[in-house]
Amino acid sequence: MPGSVAPLDLAGVTIPHHFRCPISLELMRDPVTVCTGQTYDRANIEAWVATGNTTCPVTRAPLTDFNLIPNHNLRRIIQDWCVAHRSLGVERIPTPKQPADPSLVRSLLDSAAASSSAASRVVALRRLRSLARESDKNRAVISTHDTRSALVEIAFEGGEQLGLPEADQPALEAMAVLAMLPLTETESVAVASRPERLCRLGEMVRRHPSMEARINAAAVIEAVAVGARSAETRASVGGTNGVMEGLVALAEQRGNPRAVRVGIRGLFALCLAKENRGRAVAAGAAAAVVGRVGELASSDAERALATVELLCRVEGGREAVVAGWGGGEEAVPALVRAMAGKASWRAAEHAAGALLAVLGPSEALQMKAVALGVVGHLLLLVQGGCSDRAKRKAQLLLKLLRSAWPQYDSIANSDDFLRPF
């Protein structure tokens, strides 16, 4: 690569060729060497491999293994160069934290599982928890099947009942680590197929005195629901006493964004199973979720709106959703707003699905939706680059609104509107 491209500048200073990543041509911040001997910036080579490439970008030789060896010497040289040019506005690259050592993770896990001292177990689990919090890379190292399975066993020690605070501490710490990790189908079934484990989750999320413990239990409930492939498993989790009520209580929390986020994520994951939607409505999920729609970040707003749409599909769900917003006169503007501005097409899709149910046969509400500009948002869905499912929902809603929308006939005959999806 040296000499094959023109030098690049940083703050008016020419970056030496061998300091630049061959992929991005930018200054390397975390240089790593692959099996072919070539050095790249870690983020760039990881992205290269993640997209399915199996060859070295420079040599095109096959990557016989995907281990990335930190090039500490080159990083120190780059840092020295940055310091030498600091007066010209070049900032020193930070020393990157290396991923957790797998042998350290195994040692901590052994101590947590086998030590006869509860205090030693807690220390090991807290160290694991700290490592998991530090970075995605650490979580990737920790999140092996053996580690997750061991953590599940520790988290559910003592059966369904909550123990004394001191004796229960290792289980709580293990639950806190699990709350940061995904679960496979096998691991999800290992929890959901054991009634005493589900009962423990229900007890924790509903009435544990520690808010952090309740949040961690809710995160594990979501992980189990997401990891489970069958609706039957999700229904089993959602039918456990205390689970729905606990998630709703978290979604209703004031001043605790993490509790709200985890509660809504858990409700959405469980409501993917039809059997759980009625349970969620009975537990007050509709009012809890609609009250948060406008407060959430993009991905969580999508989940909240998807949950609202799912709840509208069950008997009594539409009425609960409308009541949660204080009546149809408030529900319609809220859903139209959810489709507007910088809303993602997924959020707009779920808002349109919920609006279909909320408007129903009410001509007054249909007129209100049209007056609020919903037609423009729906036409953008029909003509935009969203999913076929989203386009179908938009078409159905446009047809529902035809009596309240004078220009319906001319638009309905357009190619975009008539195209099958």
Side-chain angles (χ1 to χ4, degrees), residues 139 143-162 171 174-208 213-251 261-286 288-289 299-300 302-304 306-311 313-315 317 350:
R139 286 191 288 276
S143 189
T144 65
H145 172 69
D146 289 344
T147 301
R148 294 190 301 265
S149 297
L151 289 171
V152 166
E153 294 300 322
I154 299 170
F156 293 100
E157 288 176 350
E160 63 184 76
Q161 297 299 321
L162 303 181
M175 191 78 73
V177 182
L178 273 179
M180 292 182 274
L181 307 177
L183 297 179
T184 64
E185 183 176 11
T186 300
E187 293 152 1
S188 297
V189 170
V191 175
S193 63
R194 300 272 294 273
E196 72 278 9
R197 291 181 171 179
L198 291 182
C199 286
R200 184 178 181 84
L201 283 173
E203 285 284 298
M204 287 186 67
V205 75
R206 185 180 185 183
R207 67 181 188 89
H208 198 282
R214 291 170 61 192
I215 292 172
N216 290 333
V220 173
I221 289 170
E222 183 205 2
V224 171
V226 170
R229 297 293 181 87
S230 71
E232 182 180 355
T233 302
R234 289 182 177 134
S236 178
V237 177
T240 301
N241 186 40
V243 166
M244 285 296 182
E245 293 82 357
L247 293 175
V248 168
L250 290 176
R261 182 170 64 252
V262 172
I264 288 177
R265 287 185 174 191
L267 288 169
F268 168 65
L270 291 178
C271 286
L272 292 173
K274 295 179 181 179
E275 296 87 343
N276 285 332
R277 296 169 195 171
R279 296 164 179 164
V281 170
V289 175
S299 61
D300 292 315
E302 291 171 7
R303 289 185 178 88
T307 305
V308 171
E309 181 183 5
L310 291 171
L311 295 180
R313 296 177 183 176
V314 71
E315 183 179 355
H350 296 309

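Predicted, not measured: the structure shown is a model, and the values here were computed from it.
A salt bridge is defined here as a Lys NZ or Arg NE, NH1 or NH2 lying under 4.0 Å from an Asp or Glu carboxylate O, and Arg200 with Glu196 fails to meet this definition.
We find the CE-CZ distance between Met244 and Arg277 to be 10.5 Å, quoted to the nearest 0.5 Å. Distance CD/Glu203 to CG/Asn241: 7.5 Å, rounded to 0.5 Å. One distance of note links CE of Met204 with CD1 of Ile215; it measures 11.0 Å at 0.5 Å rounding. Atom CG in Leu267 sits 12.5 Å away from atom CZ in Arg303 (nearest 0.5 Å). Leu183 CG to Ser143 OG: the interatomic distance, rounded to the nearest 0.5 Å, is 8.0 Å.
Nearest heavy atoms, Val248 versus Ala288: CG1-CB, 3.9 Å. Closest approach of Leu247 to Ala218, counting heavy atoms only: CD2-CB, 3.6 Å. The shortest heavy-atom contact between Arg139 and Met180 is CD-O, 3.6 Å. Taking both residues in full, the closest heavy atoms of Ser299 and Arg265 are given as OG-NH2, 4.2 Å, listed atom of the first, atom of the second, then distance. Between Glu222 and Gly266, the closest heavy-atom pair is CB-CA, 4.1 Å. Here the closest heavy-atom approach between residue Gly242 and residue Val205 is recorded as O-CG1, 3.6 Å.
Contact check for Leu270 versus Val237: side-chain heavy atoms found under the 4.5 Å cut-off. Annotation: side chain of Cys271 is in contact with side chain of Leu311 (closest heavy-atom distance under 4.5 Å). Using a 4.5 Å cut-off on side-chain heavy atoms (C-beta onward), Ile154 and Val177 make no contact. Side-chain contact between Thr233 and Ser188: absent, with no pair of heavy atoms (C-beta onward) separated by less than 4.5 Å.
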| query | What do the steps show when you test Leu151 against Arg148 for side-chain contact (heavy atoms from CB on, under 4.5 Å), and what is the final call? | reply | CA-CA 5 Å; Leu151 289 171; Arg148 294 190 301 265; 5.5 Å; no
| request: Could you give me the CA-CA distance, side-chain angles and deciding distance for Thr240 and Leu201, then say whether side-chain contact (heavy atoms from CB on, under 4.5 Å) is met? | output: CA-CA 9 Å; Thr240 301; Leu201 283 173; over 6 Å; no
| field | From CA spacing to verdict: side-chain contact (heavy atoms from CB on, under 4.5 Å), Val243, Leu198 | value | CA-CA 9 Å; Val243 166; Leu198 291 182; over 6 Å; no
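Here the side chain of Ser236 pairs no donor or acceptor atom with the backbone of Glu232 at under 3.5 angstrom.
Listed by chain and residue number, Asn276 satisfy the side chain to side chain donor-acceptor pair (under 3.5 Å) test with Arg279 (two or more places apart in sequence, or in another chain). Listed by chain and number, the residues in a salt bridge (charged side-chain N to carboxylate O under 4.0 Å, His left out) with Glu153 are Arg197 (sequence neighbours excluded). Residues passing the salt bridge (charged side-chain N to carboxylate O under 4.0 Å, His left out) test with Arg229: none are found, sequence neighbours excluded.
Side-chain contact check for Glu187 and His145: at least one donor-acceptor pair (N or O, by modelled atom type) lies under 3.5 Å.
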